[in-house]
Number of protein chains: 2
Amino acid sequence: MGKQMTEMLKGTLEGIVLTILAARPAYGYEITAGLRDRGFSDIVEGTVYALLVRIEQRGLVDVEKVPSEKGPPRKVYSLNALGGEYLEEFWRTWSFLAERIEQLHSERAEGEH
Amino acid sequence: MGKQMTEMLKGTLEGIVLTILAARPAYGYEITAGLRDRGFSDIVEGTVYALLVRIEQRGLVDVEKVPSEKGPPRKVYSLNALGGEYLEEFWRTWSFLAERIEQLHSERAEGEH
DNA sequence: ATCCGCTATTCAGTGTTGCTATCTACCGGT
DNA sequence: ACCGGTAGATAGCAACACTGAATAGCGGAT
């Protein structure tokens with residue numbers, strides 16, 4: 001993956017995963033696949049699992065172990081109330097930042113000609 | 001500053017500063033003030049100086065020492081060719097990411113009702 | 001029977017980043 | 001002599017995403 005993308009994902013990947021969980025509960029392997037489907041094709045399993053451990057430890061998600069037909073049991077994560085609040089703040093922060101960056105982008109575009 | 005904002009700035013702050021330098025050369029103290037004017041009010045000088053050291057070491061900017069009327073000499077940074085390329089890739093990466101995140105955001109909005 | 005492939009999770013170690021806090025330095029005005 | 005505004009440097013910290021490898025269960029192919 002590009003270095004710039006790696007750095008930019010810091011802080012946003014967490015929000016992305018929480019948003020996926022807000023739609024419906026999911027387990028790690030499934031989330032990784034979901035990310036691929038949504039264009040985040042270079043995000044690897046190890047990254048996602050580490051992130052899931054973090055958000056679990058912070059109490060943003062509830063976890064349930066569900067036996068799988070294939071392979072080891074799945075850990076199904078679902079967003080809880082605290083996670084919901086956290087996610088709302090994520091979107092506020094994102095909007096704030098994205099607005100200002102887009103503003104910069106358009107200023108730059110005016111500068112070119 | 002919020003922890004989420006701190007994490008989100010990773011990777012983007014660099015692009016923001018490079019974009020400011022693309023408009024016109026500037027020195028650290030001036031850039032910090034410019035960030036405040038553009039809404040990034042919590043970014044402190046130490047952060048900016050450290051970033052400037054990094055982009056200088058990577059050869060993305062040229063530096064010129066200019067004596068100041070007040071205080072120690074200014075280090076004026078200007079974007080060079082390599083920095084320009086880097087900045088273009090920054091915007092490509094940003095667009096890619098922002099597009100997908102906004103897509104997620106709108107999906108989420110549809111889910112609520 | 002054995003190996004391969006898919007599913008599914010874990011974990012130690014790495015590099016980069018932005019923040020905190022503090023220090024130095026120059027100058028003008030009081 | 002002192003303080004405030006200007007200007008820069010830096011050591012130490014916490015958080016994050018990535019790399020690479022290991023473990024484990026199951027089905028089907030060889």
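Protein chains get the first letters and strands the later ones, always in sequence-line order, with residue 1 at the start of each. Only heavy atoms go into these numbers, but all of them, side chains included; no hydrogens, no water, no symmetry mates. If you're wondering where the values come from, they're calculated on a predicted model, not measured in any experiment.
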Please output the side-chain donor-acceptor pairs of residues 16-27 of chain B that fall under 3.5 Å, not counting sequence neighbours, one pair per line with the distance.
unit_1	atom_1	unit_2	atom_2	d
B:Thr19	OG1	B:Gly15	O	2.7
B:Tyr27	OH	B:Arg74	NE	3.3
B:Tyr27	OH	B:Arg74	NH2	3.2

Query raised in the report: Which nucleotide sits closest to the side chain of A:Leu51: C:dG18, C:dT9, D:dA17?
Result: D:dA17
Query raised in the report: With respect to the side chain of A:Leu9, which nucleotide from C:dT10, D:dC18, D:dA9 is positioned closest?
Result: D:dC18
Report task. Answer with yes or no whether B:Lys70 presents, from its side chain, a donor or acceptor under 3.5 Å of a partner atom in the base of C:dC27. Result -> no
Query raised in the report: Nearest to the side chain of A:Ser68, which nucleotide is it out of D:dT19, C:dT10, C:dA8?
Result: C:dA8
Query raised in the report: So, is B:Tyr49 near the phosphate of D:dA7, with a side-chain N or O under 4.0 Å from OP1 or OP2?
Result: no
Query raised in the report: In whole Å, what is the span from the CD atom of B:Glu64 to the C1' atom of D:dA7?
Result: 16 Å
Query raised in the report: Taking atom types as modelled, is there a side-chain donor on B:Tyr77 or B:Glu64 under 3.5 Å from an acceptor on the other?
Result: no
Query - Side-chain N or O of B:Lys65 closer than 4.0 Å to phosphate OP1/OP2 of D:dG8 - result: no
Query raised in the report: Taking OH from A:Tyr27 and P from D:dG25, how many angstroms apart are they, rounded to a whole number?
Result: 18 Å
Report task. Measure up the A:Trp94 and A:Trp91 rings against each other and bin them: parallel (under 30°), tilted (30 to 60°), perpendicular (over 60°). Result -> perpendicular
Requested in this report: Report which part of the nucleic acid B:Glu14 touches: base, sugar-phosphate, or nothing (heavy-atom distance under 4.0 Å, all strands).
Outcome: sugar-phosphate
Query - Nearest listed nucleotide, side chain of B:Glu7, among D:dC16, C:dT7, D:dA9 - result: D:dC16
Report task. Using heavy atoms to find the nearest nucleotide of DNA chain C for B:Arg58 and B:Glu45 separately, return the residue whose nucleotide is more 5′. Result -> B:Arg58
Report task. For A:Lys3 and for B:Gly46, find the nucleotide of DNA chain C with the closest heavy atom, then tell me which residue's nucleotide is more 5'. Result -> A:Lys3
Query raised in the report: What does A:Thr6 touch in the nucleic acid at a heavy-atom separation under 4.0 angstrom: a base, only the sugar-phosphate, or nothing?
Result: sugar-phosphate
Report task. May I ask you to decide if A:Gly59's main-chain N or O and A:Asn80's side chain share a donor-acceptor pair within less than 3.5 Å? Result -> yes
Query raised in the report: Between C:dC26, C:dC19, D:dA15, which nucleotide gets closest to the side-chain atoms of B:Pro72?
Result: C:dC26
Query raised in the report: Between C:dA25 atom P and B:Lys75 atom NZ, what is the distance in whole Å?
Result: 16 Å
Query raised in the report: Is the shortest side-chain N to carboxylate O distance from A:Glu30 to A:Lys75 below 4.0 Å?
Result: no
Query raised in the report: From C:dT9, D:dA9, C:dT17, pick the nucleotide closest to the side chain of A:Arg74?
Result: C:dT9
Query raised in the report: What's the closest nucleotide to the B:Lys10 side chain, out of C:dT10, D:dA14, D:dA7?
Result: D:dA14
Query - Nearest-Å distance for atom pair CD1/C1', residues A:Ile43 and D:dG20 - result: 18 Å
